[in-house]
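Whatever order the structure lists ligands and atoms in, that order sets their numbers, starting from 1. FYI, the numbering just counts along the sequence from 1.
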Amino acid sequence: MLPHKLIEQRLRQALKAVLPEADPSAVLLRPCPDPKFGDYQTNALMSLAKARKMNPRQLAAAVVGKLDVAGWCGPVEIAGAGFLNFRLETSALARTLQAAAQGEHLFFDKTGQPRAVVVDFSSPNAAKPMHVGHVRSTILGDCLARVLRLLGHKVITDNHLGDWGTQFGMLLAGWKTALDPARLQSDPLGEMERIYKLISARCDPAKPEFDPATLDRARAELVKLQAGDAANLSIWRDIIRLSQSQFDSIYGRLGVKFDYTLGESFYNPRLKAIVDELLQRGIATESRGAKAILSDGSLPPKEDPFLVHKEGEWLPNPFIVQKTDGAFNYATTDLATLAWRIETWHADEVIYVTDGRQQLHFQQLFAGFRRWHPEARTKLAHVWFGSILGEDGKPFKTRSGQTIRLSELLDEAEERAFKVVSEKSPELPETQRRQIARVVGIGAVKYADLLPNRQSDYVFSWDKLLALNGNTAPYLQYAYARIRSIFRKGGLDAAQPLEPNAQLELIAPEEIALAKRLLGFGPVLEAVAQEYRPNFLCNYLFELAGHFTAFYENCPVLKAQPAQRAARLVLCELTARVLKQGLEVLGLETLEQM
Ligand code: ARG
């Protein structure tokens with residue numbers, strides 16, 4: 001058993017002995033924020049004492065009196081207002097590493113209570129090239145899905161493609177009147193984007209190109225499509241197929257897979273019945289010709305997503321589920337989607353990964369859904385993120401002001417990484433340098449998205465993200481390859497660096513510090529899954545690599561005496577495994593040699 005789980009369990013037993021009625025799951029053990037105070041700590045006893053009007057230090061002392069952590073921790077310290085601090089014994093640390101070296105664990109436990117978690121991410125819109133805004137959703141969502149899966153949850157990934165809606169009226173009008181078949185062949189998304197822009201400008205009364213006849217035509221095409229017109233449906237299918245194949249090539253390069261790509265259109269047949277039900281049950285009402293969910297007054301205005309504060313007044317902020325022209329929309333589709341996911345996949349949790357501009361949409365969706373299905377226990381989370389900025393601090397665009405296409409961004413990443421690799425290792429054959437450049441280039445783009453706190457905007461800088469020093473993908477990928485090279489140099493098989501019954505001794509402070517960092521892997525994975533924050537894992541891996549460097553600079557490995565050498569090789573091997581596993585759930589590949 002992992003030390004922090006064991007201590008937590010013993011702590012719960014001790015609490016039970018002192019306060020038999022208390023809920024043991026309230027006791028959580030966390031890594032100490034400052035190693036000065038110890039390795040783990042809990043503040044749970046303070047709130048338990050407070051709720052019972054007890055003296056927290058007295059409760060702490062009573063619990064410690066019943067606590068048996070002999071062989072795992074030194075004397076438990078009661079600190080401040082009733083914190084408990086735990087310091088692991090080196091022998092317990094060594095035992096844990098030994099078990100890991102034998103392949104019993106990698107410092108994390110699979111959950112005892114697997115949940116069905118749906119991750120809705122990427123979700124680009126058909127007929128439009130994927131741009132850097134979608135990259136963040138794709139990369140963050142993929143990482144969260146990987147972490148949850150690693151922890152033993154049943155993860156279902158669903159790409160909620162924008163494959164239906166008013167834009168298809170314009171696309172159809174453009175397809176029939178302005179399509180260039182040769183361009184469609186060579187650059188399908190580019191051509192579809194071109195006709196879309198052309199027609200949408202003609203449909204926009206604010207633009208000089210405005211042409212009422214085109215607007216009528218686009219409307220008519222949309223009505224025909226929605227009525228099931230065969231010709232329009234067949235063009236619509238072509239548009240989806242062409243878009244999907246472009247998206248697939250990007251997903252292939254990013255190594256991202258989806259269990260489902262149902263798309264918005266999948267839910268069309270269900271929308272009318274849903275709106276009827278919402279109206280009938282009084283959850284949705286007429287609102288200026290449209291049908292919408294409005295505030296039911298059950299929440300304080302500040303927390304009510306159906307109200308908006310304007311000029312000193314709280315005004316209705318409707319969640320429109322049917323427009324004045326009778327059409328259903330993004331909101332209706334999302335209500336249907338959520339109901340379907342819960343019905344079909346028995347989702348315990350649904351996570352949506354989109355940019356921050358959709359916050360209101362998801363607040364209204366979640367609140368509206370709760371009114372429609374008050375019995376649902378599903379946890380709903382909108383995992384939102386900020387924008388990517390150029391080095392000038394403005395939204396990240398090409399020099400001519402165009403949105404940057406993801407495929408071109410990835411090409412450039414590989415090209416730039418190739419230069420870096422060629423400078424560092426000119427002796428390697430070109431095919432190998434290309435292979436390294438792919439892994440490093442794609443990895444660097446992903447890592448740049450994962451490292452910042454997701455809710456802040458970040459500045460995209462090629463030099464920063466490809467730097468070999470600093471908290472970057474190439475730094476971590478090299479750190480991994482460097483450890484592998486130690487084993488190659490020693491002519492050793494990495495898988496079995498320790499004789500099964502050899503004693504592992506940790507003596508040097510750098511060895512102990514590194515070992516303790518390794519034990520932090522499980523708690524950090526759990527924190528990522530809990531708070532949907534991959535940046536915790538990025539920072540952890542970066543620190544781990546730093547501890548490894550300090551260890552390697554101070555503790556010779558291959559030249560050490562046999563017992564010490566074996567112990568140090570275990571540290572090397574386990575660091576490599578954690579780095580590789582950590583990078584893998586971030587969605588980054590590693591290479592044995594760079
Ligand atoms: N297609 C949408 C967009 O590009 C994102 C969809 C997110 N998922 C959802 N269920 N609404 O903005």
Side-chain angles (χ1 to χ4, degrees), residues 117-142 144-145 155-168 171 189 192-193 196 200 236 239-240 243-244 246-247 250-251 256 258-268 270-271 274 293 305 319-321 328-345 347 349-369 372-373 376 378-388 395-396 403-406 449 454 532:
V117 186
V118 176
V119 190
D120 173 323
F121 69 103
S122 194
S123 310
N125 298 319
K128 289 188 187 159
M130 236 197 256
H131 55 72
V132 288
H134 290 116
V135 78
R136 255 195 132 173
S137 171
T138 309
I139 289 167
L140 283 165
D142 181 51
L144 294 174
V155 174
I156 300 154
T157 53
D158 186 8
N159 191 358
H160 192 67
L161 220 60
D163 62 356
W164 197 256
T166 41
Q167 78 267 31
F168 282 95
L171 278 163
L189 283 186
M192 291 193 284
E193 191 189 23
Y196 174 75
S200 68
W236 173 74
I239 294 177
I240 303 302
S243 308
Q244 186 71 56
Q246 300 280 297
F247 297 152
I250 301 257
Y251 295 137
V256 172
F258 296 93
D259 299 317
Y260 295 91
T261 301
L262 297 180
E264 297 182 9
S265 63
F266 177 80
Y267 301 95
N268 280 342
R270 307 176 143 240
L271 304 184
I274 290 176
I293 302 181
F319 189 51
I320 296 177
V321 293
F328 304 114
N329 61 3
Y330 190 53
T332 336
T333 310
D334 256 333
L335 283 168
T337 307
L338 182 48
W340 195 86
R341 287 171 175 166
I342 294 176
E343 249 168 69
T344 317
W345 295 328
E349 183 172 344
V350 184
I351 300 172
Y352 300 82
V353 189
T354 82
D355 73 52
R357 287 169 305 181
Q358 297 198 34
Q359 284 178 79
L360 177 63
H361 168 76
F362 286 104
Q363 285 161 9
Q364 294 187 321
L365 173 68
F366 298 169
F369 185 79
W372 179 30
H373 282 288
T378 307
K379 177 176 174 194
L380 303 173
H382 180 212
V383 173
W384 60 271
F385 52 84
S387 327
I388 307 180
F396 190 40
T403 46
I404 292 173
R405 284 215 210 175
L406 194 44
D449 257 330
R454 62 178 160 75
Y532 315 117

Between the CG atom in Leu171 and the CE atom in Met192, the distance rounded to the nearest 0.5 Å is 7.5 Å
Rounded at 0.5 Å granularity, tell me how far CG in Asn268 sits from CZ in Phe328.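 These two atoms lie 9.5 Å from each other.
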For [atom], what is the closest protein heavy atom, and at what distance to 0.1 Å?
atom: atom 2 (C) of ligand 1; result: Ser123 O, 3.5 Å
atom: atom 12 (O) of ligand 1; result: Gln358 NE2, 2.9 Å
atom: atom 8 (N) of ligand 1; result: Asp120 OD1, 3.1 Å

Trp340 ring center within less than 6.0 Å of Phe266 ring center: yes
Counting the benzene-type ring for Trp, do Phe366 and Tyr352 have ring centres under 6.0 Å apart?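 They qualify: ring centres under 6.0 Å apart.
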Do Asn329 and Thr332 pair up side chain to side chain, a donor and an acceptor below 3.5 Å, judged on atom types alone?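 Note: Asn329 and Thr332 side chains meet the donor-acceptor criterion.
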Going by atom types only, do Tyr251 and Asn159 share a side-chain donor-acceptor pair under 3.5 Å? yes
For ligand 1, the portion of Asp334 having any non-hydrogen atom under 4.0 Å away: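 Looking at Asp334 and ligand 1, just side chain atoms fall under 4.0 Å.
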Where's the contact between Leu161 and ligand 1, heavy-atom distance under 4.0 Å: side chain, backbone, both or neither? neither
Between the side chain of Arg136 and the main-chain N/O of Gly386, is any donor-acceptor distance below 3.5 Å? yes
Against heavy atoms of [X], which atoms of ligand 1 measure under 4.0 Å?
X: His160; answer: 8 (N), 9 (C), 10 (N)
X: His134; answer: 4 (O)
X: Thr354; answer: 7 (C)

Would Asn125 count as a contact of ligand 1 if the rule is a heavy atom under 4.0 Å away? yes
Nearest non-hydrogen contact with atom 11 (N) of ligand 1 belongs to which option: Phe121, Tyr330, Tyr352?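 The nearest heavy atom belongs to Tyr330.
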